[in-house]
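Throughout, protein chains are lettered first and strands after them, A, B, ... in sequence-line order, and every chain is numbered starting at 1.
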2 protein chains.
Amino acid sequence: MSERAPKFTRDLPESRRKQLIEATARSLARHGLDGTTVRVVAAEAGVSPGLVRHHFAGMHDLIAETYRWTGKELEKVLRAALAAAPPTPEGQLHAFIDASFLTPTLDTDLLGVWLTFWSLTRTDPEIHAIHQKVYASYRRRIDELLSALAAEKKLALDTRLATLAFTALLDGLWLEHCLDAATYTAEDAATIAHDWLDSLVAGNFMATPRAAIALNAK
Amino acid sequence: MSERAPKFTRDLPESRRKQLIEATARSLARHGLDGTTVRVVAAEAGVSPGLVRHHFAGMHDLIAETYRWTGKELEKVLRAALAAAPPTPEGQLHAFIDASFLTPTLDTDLLGVWLTFWSLTRTDPEIHAIHQKVYASYRRRIDELLSALAAEKKLALDTRLATLAFTALLDGLWLEHCLDAATYTAEDAATIAHDWLDSLVAGNFMATPRAAIALNAK
DNA sequence: ATCTTTATTGAACAACTGTATAATACACAA
DNA sequence: TTGTGTATTATACAGTTGTTCAATAAAGAT
């Protein structure tokens, strides 16, 4: 009875920062960017609003850090999926697709946050810089796998365009699934992507120099 | 000299609403959702802030109306492109791709607005409803063309999945181009999409029941 | 000219935003 | 136990938000 409960518990800066970042991610997923305020995030993390400024330069900084964290989190999941898959280029790429759509941790909440960042990328220079960094590493990985695939299967492949097509297809599929989950399932998305890759392996893709054809037609 | 200039000019509600909607679209493209406030929009349209509430139920309503307007504007451009193209399914689909990437009116500004709406779709019920309506009509059109294509070319095609793939590829290509125009050009995007369609026509796509294969493999 | 309608203005409002700051009290060392 | 550092709280603050509303004046009707 004489022992009073502490009004709050201290924590290491590193740990508290992570809690605030995760709270921000949850808020972005649920309430969108508009609804993600200092007070909402603080409440979500179970701390007082003032603590945000103590651990971050400001609200904008917190959101940017949440972007970086989400990117790393995503990469972690994908990396693990690739490590467990067959070490062939084809096996790795198929595993990449499965990880993108069939992994429980890649739920619409986690990916819904991504949409928020996309909308910020066009107008916010700092977010734009983060975006470039994240996507450059993302595309490099795909490009390496597609190059290895082309070499192994002896495909005449424009790996640059193929990489762009692959990432665009995955992003598009996930985007539309996220915007309206009722339209199609994650399994549908995976099927489509796998099928695209199969067609690529069969050599029916990115081999025809269409641009040259179009020029001749004129 | 005795004639004083009018402090403002009146306008028909319909006309003024359109001006405000267009001002909102410009603001969304330039300053993002955060920067699009009642005062900013009013200044962009050259009117007083109070006028917004006179023509719209509120700021939220204005943004929703801007979504509807942008959707119609986009459909108008696509419809015109299809009307000018060869009436064959293949010709129509290729024209659809060109219109999506090579039309001057479909600049990154107009499409940048779309991103804003996407970010709202997940958390705002009204925007979500508009999104469903717009995309349903969008997909119906593609589905009809792909069905006609499959019939003409006698392709064993899952048109539902093919439609999803087609729209996802276009959305993804445009999205990533919008987010970082330095990565690839609109011509690159068009080339990729045309190539995908060519591959589809050649019969190398969406014909294999991958799901069944996967089940047998287990 | 005068009247009527109503599009338009501009300021005032309450609510909310991110931030600044002083007081507090937890956790650990001596 | 006492002292020290600082994570944490709570409040206050200035700025901005969407909205309200009475006054104004433009434009057509009479």
Please list each protein N or O that sits under 3.5 Å from an N or O in nucleotides 27-30 of chain C, with the distance.
none

Is it true that B/Asp188 and A/Arg160 have a side-chain N and a carboxylate O under 4.0 angstrom from each other? yes

What are the two closest heavy atoms between A/Ala99 and A/Leu78, and how far apart are they? CB-CD2, 3.7 Å

Under a 4.0 Å threshold between the charged nitrogen and the carboxylate oxygen, would A/Arg17 count as salt-bridged to A/Glu14? no

Expressed as a whole number of angstroms, how long is the span from B/Arg17:CZ to C/dT8:P? 13 Å

Sub-4.0 Å heavy-atom contacts from residues 26-59 of chain A onto DNA chain D, ordered by number: A/Val47, A/Ser48, A/Gly50, A/Leu51, A/His54, A/His55

For B/Asp11 and D/dA26, give me the distance from atom CG to atom C1', rounded to whole Å. 12 Å

In a table with atom names and distances, give each donor-acceptor pair under 3.5 Å that connects a side chain of residues 111-121 of chain B to protein atoms at least two apart or in another chain.
{"unit_1": "B/Ser119", "atom_1": "OG", "unit_2": "B/Thr116", "atom_2": "O", "d": "2.6"}
{"unit_1": "B/Thr121", "atom_1": "OG1", "unit_2": "B/Phe117", "atom_2": "O", "d": "2.8"}

Using 4.0 Å as the upper bound for N to carboxylate O, is an ion pair formed by B/Glu176 and A/Arg139? yes

Sequence neighbours excluded, which residues qualify as side-chain hydrogen bond (donor to acceptor under 3.5 Å, both in side chains) partners of A/Arg39? none

Could you tell me whether a side-chain N or O of B/Gln19 sits under 3.5 Å from a main-chain N or O of B/Ala45, the two making a donor and an acceptor? no

Protein-nucleotide distance (B/Asp61, atom CG; D/dG18, atom P), rounded to Å: 14 Å

Carboxylate-amine/guanidinium proximity below 4.0 Å for A/Lys72 and A/Glu75: no

One would report the end-axis bend of the helix from C/dA1-D/dT30 to C/dA30-D/dT1, five pairs per end and rounded to 10 degrees, as 0°

Salt-bridge contact B/Arg68-B/Glu65 (side-chain N to carboxylate O under 4.0 Å): yes

Could you tell me which residues satisfy side-chain hydrogen bond (donor to acceptor under 3.5 Å, both in side chains) with B/Asp61, sequence neighbours excluded, listed by chain and number? none

Distance in angstrom units between A/Lys7 NZ and C/dC26 P, rounded: 8 Å

